[in-house]
Number of protein chains: 2
Amino acid sequence: MVKAMDRRQRKTREAIFNAFRELLEKNRYENITVQDIIDRADVGRSTFYSHFETKDALLKAICSDIFDHIFRGEICEYPGETHNLQEKLAHILWHLKANKKDIIGLLGCESGELFMSYIKEYLSELFKMHLKDFSKDVPQDFLLNHLVCSFCATLKWCADKKMNISPEEIARDFIRVVS
Amino acid sequence: MVKAMDRRQRKTREAIFNAFRELLEKNRYENITVQDIIDRADVGRSTFYSHFETKDALLKAICSDIFDHIFRGEICEYPGETHNLQEKLAHILWHLKANKKDIIGLLGCESGELFMSYIKEYLSELFKMHLKDFSKDVPQDFLLNHLVCSFCATLKWCADKKMNISPEEIARDFIRVVS
DNA sequence: ATATTATTGAACAATGTGTACATTAACATA
DNA sequence: TATGTTAATGTACACATTGTTCAATAATAT
């Protein structure tokens, strides 16, 4: 029922997205101006604002786009079945690595807070399902926060290493540390 | 050999610091303008800029001030001796709690990145000294990153809970999770 | 071929940044 | 108390960024 986008709209949106991502590779979000974006995307100022209310709205749109792409779309293409938590974490790392170009830009710098919050929500659900795997004598909410945040730290760590990592090894190391 | 500050300078600096901290309690760093600061501090625009080159410089100055105050100054006033890692972590939490007014403002929101980086450096040294306590079969740099980041997550967690926590319990829970 | 819709560029007000400078007030010292 | 030094003030300024408006133009769908 969703009407297809006008080709012009699609092209403009693409151009803005691409310009923004390219700028994110070299600059922090706060230092990128709307002017920078429309210059690189080569679109008019009014065009930008007819697509996005603010720069924040653009960031939000791009985060949810990429998140959907990685976590809901291609995530089923991981080779082999996924059963336990360790494999699921490797699974996530594998997909982030496959999309490293986008990920490094969004996680590598501090601009990554928003995107990270998407991932955190996802991880929170994931770890909640596996809380029984950790027989630690600590409050559950404390444990959950610990797992989510420390795996996020691992993701950032991998992004800083330009995703030149082995998903399986990282996932195994993570599980070893928290088990 | 350091010449004492002119009383006017001290007063101005204090006023700016206080205004900034108060604003940080309710607003995110990025949304606070120099105008807001000088309005609340009730000092002239040029006065502000004769003290600090930019808003970033002010944040940096305030972070290192508070860090020095907490981690180098009062940290010896903790009741009882500190020996093992768990006690040291409780120690840190205890002091952060004692300075909760400053801490919540600086850690509670995303503005906390800079201040957190000070703490991270400190924690990195601390955990490095205790790496032998963790006999985990994972690379040392991975383990160190994990410990530092997950304890920072715990600090943020405590700040979000307005520091209404028991330092001893939190430190114990943390050690249980990573041991 | 035509009606619709997106894009454009230019102009605009509003807000914020950082600097310059002459004037005034507070300070230290003798 | 008188004097030279230093800090604070306010005003004004150039500049950058944001977000809006609008009429003219181009691409699109039918």
Check for me whether B:K120 meets the cation-pi criterion with B:F115, that is, NZ or CZ under 6.0 Å from the six-membered ring centre and within 45 degrees of the ring axis. no
Rounded off to whole Å, could you give me the [atom1]-to-[atom2] distance for the [X] and [N] pair?
| X | N | atom1 | atom2 | answer |
| --- | --- | --- | --- | --- |
| A:I37 | D:dG19 | CD1 | C1' | 14 Å |
| A:E30 | C:dG16 | CD | C1' | 17 Å |
| B:I38 | D:dT11 | CD1 | P | 12 Å |
| B:K11 | C:dA26 | NZ | P | 10 Å |
| A:F48 | D:dT17 | CZ | C1' | 13 Å |
| B:D42 | D:dA8 | CG | C1' | 12 Å |
| A:E53 | D:dT18 | CD | C1' | 14 Å |
| B:N31 | C:dT17 | CG | P | 11 Å |

Residue-phosphate contact under 4.0 Å: [X] side-chain N/O, [N] OP1/OP2:
| X | N | result |
| --- | --- | --- |
| B:R7 | C:dC27 | yes |
| A:H51 | C:dA6 | no |
| A:Y49 | D:dT20 | no |
| B:Q9 | D:dA7 | yes |

Checking B:Y29 side chain against B:K55 main chain: does a donor-acceptor pair fall under 3.5 Å? yes
A:K100 (side chain) donor-acceptor with A:A159 (main chain) under 3.5 angstrom: no
Decide yes or no, distance alone: a donor-acceptor N/O pair under 3.5 angstrom between the base of [N] and the side-chain of [X].
| X | N | result |
| --- | --- | --- |
| B:R45 | C:dG18 | yes |
| A:S46 | C:dG9 | yes |
| B:R8 | C:dA26 | yes |

Could you check, using the six-membered ring where one of them is a Trp, whether A:H95 and A:F71 have ring centers closer than 6.0 angstrom? no
Return whichever of B:D36 or B:D6 has its heavy-atom-nearest nucleotide of DNA chain C closer to the 5' end. B:D36
Need to verify one output field. Residue with the more 5' nearest nucleotide on DNA chain C, B:T54 or A:G44? A:G44
Base, sugar-phosphate, or nothing for B:T47, non-hydrogen atoms under 4.0 angstrom? base
Verify the neighbour count for atom CD of A:E25: are there more than 12 heavy atoms of other residues, nucleotides or ligands below 6.0 Å? yes
